[in-house]
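Here the structure is laid out as C-alpha cells; the discussion comes afterwards.
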Amino acid sequence: MRAIQVYEVGGPEVLREVEVDQPPPGPGEAVVEVAASGVNFLDVYHRDGRYSLPLPFTPGTEGAGTVVEVGPGVTGVAVGDRVGWVEIPGTYAERAVVDASRLVPLPDDIGFDTAAAVLLQGMTAHYLIKDAYPVQPGDTVLVHAAAGGMGLLLTQLITHLGGRVIGTTSTTAKAEPAKRAGAAEVILSSAVDDLAAEVRRLNGGQGLPVVFDGVGAHTFDASLASLRRRGHLVLFGAASGAVPPFDPMRLAHGGSLTLIRPSLGDFIADRSELLRRAADVFEWVRSKALEVTVTGRYALSEAARAHSDLEARRTTGKLLVVPGAAATGRREETQS
C-alpha cells in the first residue's frame with residue numbers, strides 16, 4: 001500500500017510517499033481503508049520533532065474510512081463499518097491499523113470528509129468550551145487565528161453558546177470567514193502595535209474572562225495582557241512555536257490569572273467520554289450550529305504541500321489528505 005513516511009524530522013520535504021507492506025491487525029485492532037485524513041498542526045509538531053515519535057513513522061492522527069479487517073478479540077466493530085478516529089498516528093496512508101476501542105461509528109448522515117475534518121478539532125473545541133473554560137452567555141472571548149480550522153469552530157460554538165468573540169487574523173482576507181463564523185470583532189494582528197490594548201478597547205476598556213490561544217509564542221504575552229483579574233488563558237497549541245519558560249509569579253502580578261495547557265487525549269481518555277464528545281460534535285454539525293469548511297483536499301503525493309500551506313497560513317478552514325485522490329497541482333475548494 002502507499003503511505004507517507006518520515007525517516008528524519010525536519011521541514012515538509014521529509015514527508016515521502018513510499019510503498020509499504022500493509023500491517024496486519026493484532027488483538028483488539030482493526031484495519032481501516034482510509035477515505036480521508038485531517039491535516040493538523042499536531043502533524044507538523046510530529047514531523048518537525050517538537051513532539052517526538054519513533055522513526056520512521058507515518059504521520060496523521062485523524063481519519064475516517066471503512067473497516068476492512070479485524071483482529072482477534074474485536075467486538076463492537078465489524079468489516080464494512082464506517083468509522084472515524086483521532087489521536088492515533090498513521091492516517092497519511094491508504095490503510096491504517098487502529099485500536100478498535102478508539103473507533104467512533106459514523107452516523108449515516110456524516111460523510112467521510114466531514115468526519116475527518118471535524119472529529120479532532122470538533123472534540124478539541126468541545127472540551128475547550130465545556131471543560132477547560134465553560135463559556136457562559138455574555139462572555140466576551142478572544143480567539144486567536146479565528147479564520148483557521150480550529151478558530152472557525154471555536155468562533156461558531158462560542159457564538160452558539162451566547163458568547164461574543166473577538167478574533168485575530170493574520171490578513172484582511174481572513175477577517176471575512178471569521179466574521180461569517182460569528183466573530184463580533186476581528187483584529188488584524190499585524191496592523192496593531194498593542195494587541196492587548198486593542199482588545200480592551202473593543203471590550204469597553206475591560207479585560208476578558210478567557211483567551212483561547214492556539215498560536216503560542218507570538219501571542220502569549222498579548223493573551224495574558226488581555227485578561228481581566230482572575231481571567232483564564234487556555235493555551236491549547238503552539239502554531240508559532242513553544243512559549244519560553246516564565247516565572248509563575250507573572251500570573252499573580254497579572255491579577256491572579258490561571259493558565260491551562262490542555263491536551264485532547266486527557267479529555268477522551270475512556271471510550272464513553274470519546275463517544276459522548278463525538279456524538280455532541282455530530283449533533284452540532286447536523287443542527288448547523290457547526291459548519292465544517294474543507295478548503296483543501298490533497299493526494300498523498302501532495303502531503304508536503306499541505307503542510308507548507310498550513311504552516312504559511314495560506315489557508316482557512318480545514319485541509320484533508322485523501323489517499324484515493326490523484327495529485328491535482330492545486331487545492332480543490334470543497335464545502336463539507
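Here the structure is a predicted model, which is why all the values come from computation and not from measurement.
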Has the side chain of [X] got a donor or acceptor atom that lies under 3.5 Å from a matching backbone atom of [Y]?
X    : Y    : result
S189 : T169 : yes
T171 : K174 : yes
S240 : A217 : yes
Q156 : L152 : yes
D81  : V83  : no
T155 : G182 : no
R271 : L103 : yes
S256 : A252 : no
E291 : A289 : no
E283 : D280 : no

Should [X] and [Y] count as an ion pair when the cut-off is N to O under 4.0 Å?
X    : Y    : value
D43  : R47  : no
R2   : E17  : yes
D194 : R200 : no
D139 : R164 : no
D113 : R297 : yes

Is there side-chain contact between [X] and [Y], with heavy atoms separated by less than 4.5 Å?
X    : Y    : result
W284 : L153 : no
V20  : Q5   : yes
S223 : H144 : yes
M123 : I268 : yes
L154 : F236 : yes
V104 : L274 : yes
L251 : L259 : yes
R305 : P12  : no

>> Apply side chain to side chain contact (heavy atoms under 4.5 Å, CB included) to residues R95 and V34 and explain how you reach the verdict.
In response: CA-CA 5 Å; R95 294 190 174 188; V34 180; 5.5 Å; no
>> Would Y298 and D309 count as a side-chain hydrogen bond (donor to acceptor under 3.5 Å, both in side chains) here? Give the steps.
In response: CA-CA 11 Å; Y298 301 75; D309 287 348; 2.8 Å; yes
Between [atom1] of [X] and [atom2] of [Y], what distance do you get to the nearest 0.5 Å?
X    : Y    : atom1 : atom2 : value
I88  : T61  : CD1   : OG1   : 9.0 Å
F41  : H46  : CZ    : NE2   : 14.0 Å
F112 : E33  : CZ    : CD    : 8.5 Å
S308 : E302 : OG    : CD    : 11.5 Å
R180 : T293 : CZ    : OG1   : 8.0 Å
E62  : L120 : CD    : CG    : 4.5 Å

> Which of parallel (below 30°), tilted (30 to 60°) and perpendicular (above 60°) describes F220 and F246?
Replying inline: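 Aromatic pair F220/F246 classed tilted.
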> Between F212 and Y133, how do the two ring planes meet: parallel, tilted or perpendicular, split at 30° and 60°?
Replying inline: perpendicular
Same apolar cluster (I L V M F W Y, side chains within < 4.5 Å links), [X]/[Y]:
X    : Y    : result
V165 : V215 : no
L142 : V135 : no
L257 : V243 : yes
V6   : L310 : yes
V97  : V79  : no

> Does the pair R261 and D213 meet the rule for a salt bridge (Lys or Arg N to Asp or Glu O under 4.0 Å), with working shown?
Replying inline: CA-CA 10 Å; R261 180 56 175 92; D213 189 342; over 6 Å; no
Enclosure of [X] [atom1] (heavy-atom neighbours >12, cutoff 6.0 Å):
X    : atom1 : result
R230 : CZ    : no
E8   : CD    : no
R229 : CZ    : no
D247 : CG    : yes

Please name the pair of heavy atoms, one in [X] and one in [Y], separated by the smallest distance, quoted to 0.1 Å.
X    : Y    : answer
A175 : V186 : CB-CG1, 3.8 Å
M1   : P23  : CE-CD, 3.8 Å
A36  : L320 : CB-CD1, 4.3 Å
A30  : V67  : CB-CG1, 4.3 Å
A93  : L300 : N-CD2, 3.8 Å
V32  : G65  : CG1-C, 3.6 Å

> side-chain contact (heavy atoms from CB on, under 4.5 Å) with V211: which of I166, V143, L227?
Replying inline: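 By the side-chain contact (heavy atoms from CB on, under 4.5 Å) criterion, V211 pairs with just one of I166, V143, L227: L227.
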> Do E69 and Q22 pass the side chain to side chain contact (heavy atoms under 4.5 Å, CB included) test, and can you show the C-alpha distance, the side-chain angles, and the key distance before you say yes or no?
Replying inline: CA-CA 11 Å; E69 189 178 355; Q22 177 186 307; 3.8 Å; yes
>> For the residue pair N40 / Y45, report whether a side-chain donor-acceptor contact shorter than 3.5 Å exists.
In response: no
> When you look at L208 and V199, which way does the side chain to side chain contact (heavy atoms under 4.5 Å, CB included) test go after all the steps?
Replying inline: CA-CA 8 Å; L208 305 181; V199 169; 3.5 Å; yes
> Can you list the steps and then say if R276 with D270 is a salt bridge (Lys or Arg N to Asp or Glu O under 4.0 Å)?
Replying inline: CA-CA 10 Å; R276 175 177 63 83; D270 63 72; over 6 Å; no
>> Does T114 form a side chain to side chain contact (heavy atoms under 4.5 Å, CB included) with F282? I'd like the steps, not just the answer.
In response: CA-CA 9 Å; T114 297; F282 292 149; over 6 Å; no
> Looking at Y127, does the NZ or CZ of R277 lie under 6.0 angstrom from its six-membered ring centre and within 45 degrees of the ring axis?
Replying inline: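 Ring-cation test returns no.
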